[in-house]
Amino acid sequence: MKRHAVFIFALCGFTMCFLLFFLASSCQETPRFPKDMKRIIFVSPQKDLPVWQQAEAGFLEASEKYGFYAKWTGSLDCNLEEMTRQIQIAIAGDIDAIVTCPLTPSVFDQVFQQAREEGIPILTVAVDASDPHMRSAFISSDYEKLGHDQAKALYEAVGEPMRIGIIMSTYDSQNQTIQVNELKKFIADKEDCEIVAITQDFANPITGMNVFTDMLETHPEINAMFVTSGDAIQSYGKILAEKNLSGEITLIGMDAIDTNIRAVKSRQIYGIMDQDFYQMGFLSGEYAMKLLDGEEIPSETFCDSMLITGENADRYYPEVL
Amino acid sequence: MKTYSVKTYLTRFTLTVTAALVIITLSAFSGWLVNLRQYTSITSQYASFSILSNEINQAYVSLDDYIQNPAPEVEARYQTSMTAVRTALETIGSGSETPDIYYTMVGIENMIAKADQINQEIIHTLSLDSFHNNYASHRESRTLLNYINLELASAASLQNAHMQTRLSAITNRIYLVLSLLAVISLLTILSLLAFSMDFSRKISAPIRQISGQAEELAGGNLKTEDIPEQNMEEFSRIAISLNTMKAELARTIATIKEQSDIAMRLKQSELENLRISNDLKNTELRVMQAQINPHFLFNTLNSISRLALSSGSHEIVSLIDALSQMLRYNLNHLDRPITLKEELENLENYLYIQEVRFKDRLHFRIENRSERLQLGMPCLTLQPIVENAILHGLKPYNYEGTVHIAITDFPDYTKIVIQDDGVGMEQPEIRRMVGGTAESSPDSVKHTSIGFKNVMGRLQSFFERDDCILVESQLGEGTTITLKLYCKRRDPHASSIDC
């Protein structure tokens, strides 16, 4: 018994010494990175926005899978100048491929042209380049279908008469313009549906709260909200709830981020259109690498989208409470 | 039990302590060295960023100076700055610990290379052409410098964040190493204490045992238990020696005691021999006296017989003859077998004397129908039995009675029946006379018993049979003693007496 105690004691001592020695000598060697590894940059319009963080996760997953250095950058608030500057710096640094979301495509024409001249492929996500020849691939939701589905859902929920208010991020946002156009097409043959107001929130929740409140006060007849911006949906829901209009005004917004899903689950808003940004991020990385490896990639790829309402929110997002 | 010497024990302990101290020192030293190296690496990396930023901007200052004053020393300044930039780039690149920093630096390096290329072209073409033609290139280079600075700021920010993480990790590791060192030191101190206690116990316990044993031995107690085997060789040897000494002492003492006992017994034996020798001398003296007395007695009896004959007393003469014959018989035949005839003649002499003594009160009747008068038998067999019958059977009747002696031949033996009509005996008395102890008997019975047992023993010994004699008696009805004189003794070599 005593011998065992001595043995255990000695063992503890030696283990401690070993641990100490191991810790002390666990000198973190400077890692060696392959200089010729492909570098692909993703310049996002709002790099901290949850939907873009979903895209970042997909992009990083692709980098793990295909073995390239993924640089995630961009602006914080849809700053197009900042985005183009990032792209210019990437071009100057001989980046291997650029992925971006050219919110206002024409603004990006110059840098896209510059990249083409340098032989750097451009892949666009969610919003396409002004000239499809400027980019190598476009990965997005099908905004025509998405806009149609959104309009149809709104119509089915509200019926007629339907007085519609529209909030976009910016009027020149390409994908949102497509959605609005789809709404217009959908209600064109309806007898008592009318767009009574349209405004922009610049993807800013504070701005959004202001313009939405103005719209409601200016157009009390509005009973349907067609929102193509996804940043201020939660705020819109709160405003409707505070004004006791949640049951009277049907709002369908964008993007299945947690705050928006909670607004849906609490029935402050009717629904949101869910886009698969993770898939878009992943495919952008995958296609860029395939392109650099000389493989053929599709020019356009559309990812699925779906309507999330109070009926199915728990089924698709049970983790959001 | 595994034993080892004190020297080995201390050597092991010294080695263990030394090893522990070496490990602790090495660990602490290597930990300090590693942390220092990492700290140096981090600060060096940070300094390289600063150098890079300064030198690239200094290079552009030199470039602008050169454009305004294209002197070789100004160009040299530019080249020196760019060399420093490349060195810093190499230092940062090789020391980058995260892919973000590394690949940002790859981008910066590419941009610097492009910028340098443009700048070199400007420098080489400036003397041949006017700056006007190089202005666009200069603008492009300046844009690159702008990007370089932006990216450097971004990389420095990443490096800062990483440095914070690393410094935090180093601090945590230092704390952990210090904690472990404290624990190890504590363990070492505890081990030393435990060892000291253990060593002290291992030293003191055997000393106590050995000294205790020595004290017991000094006090003469050799029956103590042996000292058990000890861990330490030195103590083991002392214990074994002490145990051996104790055993040897015990053996020596036992031997001395044994010899002393033998000597005492020998002395006692000598004393006994001396006593026996004295007894023998006394016996010899008595034998001589006994040899003298019968001759004197016979001579005296002869003188009395002649006197009685001269005075005409024939009865006295007969009485003295009978007595003389009895005495002679007793002296001459006591140590050898005699015949039935001789024994009967001796009995008749005895009976004659008794008849004279008791006159008409005591009667004897002998019916001898035997033809085996030469049959061998022990001497003095019949006379003691008849004497017993008179002295013990008839004495209570004042010696009035009859003793009937009948001798009859049977095929294998001759039976002699001696029957009195005296007081007889009860069974317990018969048992005491035949085989029991005579200790509790009265003197008369005791005497009878001894005489009877003497006769019975001699008969049984002579004929080598147990059924030579039978006693039958009832109180008040007399006693009958039957003797069987067997024709052949069991020993074929003996002298006798075929039927």
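Values reported hereafter were calculated over all heavy atoms of this structure, with side chains retained and with hydrogens, waters and symmetry mates removed. Reminder, nothing fancy here: chain letters follow the sequence lines and each chain counts from 1. Please read all numbers here as calculations on a predicted model, not as lab measurements.
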Crowding at CD, B/Gln117 (>12 non-hydrogen neighbours, <6.0 Å): no
Atom CD of A/Gln113: over 12 foreign heavy atoms under 6.0 Å: yes
Separation between CG of B/Asn146 and CZ of A/Arg85, rounded to the nearest 0.5 Å: 7.5 Å
Engaged part of B/Leu144 at the chain A interface, taking heavy atoms whose separation is under 4.5 Å: side chain
Greater than 12 external heavy atoms within 6.0 Å of B/Tyr39's OH: no
Atom group of B/Ile174 that falls short of 4.5 Å from chain A, counting heavy atoms: neither
Neighbour count >12 (heavy atoms, 6.0 Å) for atom CD, A/Glu64: no
Between CG on residue A/Asp96 and OH on residue B/Tyr103, distance to nearest 0.5 Å: 10.0 Å
Options B/Gly107, B/Ala113, B/Ala115, B/Ser179, ranked by heavy-atom pairs under 4.5 Å with chain A, top entry: B/Gly107
Any side-chain heavy-atom pair of B/Asp100 and A/Tyr69 under 4.5 Å: yes
Gap separating the CZ atom of A/Arg39 from the CG atom of B/Asn110, nearest 0.5 angstrom: 5.5 Å
CE on B/Met111 to CG on A/Asp94, rounded to 0.5 Å: 9.0 Å
Min side-chain heavy-atom separation A/Lys35-B/Tyr102 under 4.5 Å: yes
Distance-minimising heavy-atom pair for B/Ser96 and A/Phe33: O-CE1, 3.6 Å
A/Glu300 atom CD, over 12 foreign heavy atoms within 6.0 Å: yes
Contact origin within B/Thr143 toward chain A - heavy atom pairs under 4.5 Å: neither
Side chain, backbone, both or neither of A/Ile91 within contact of chain B (heavy atoms, under 4.5 Å): backbone
Which atoms of A/Lys71 approach chain B - backbone, side chain, both or neither, heavy atom under 4.5 Å: side chain
Side-chain touch A/Met37/B/Pro99, heavy atoms, less than 4.5 angstrom: no
Neighbour count above 12 (heavy atom, 6.0 Å) for A/Glu81 CD: no
From A/Gln86 atom CD to B/Ser154 atom OG, the distance as rounded to the nearest 0.5 Å: 7.5 Å
Toward chain B, the part of A/Ile95 with a non-hydrogen atom under 4.5 Å: neither
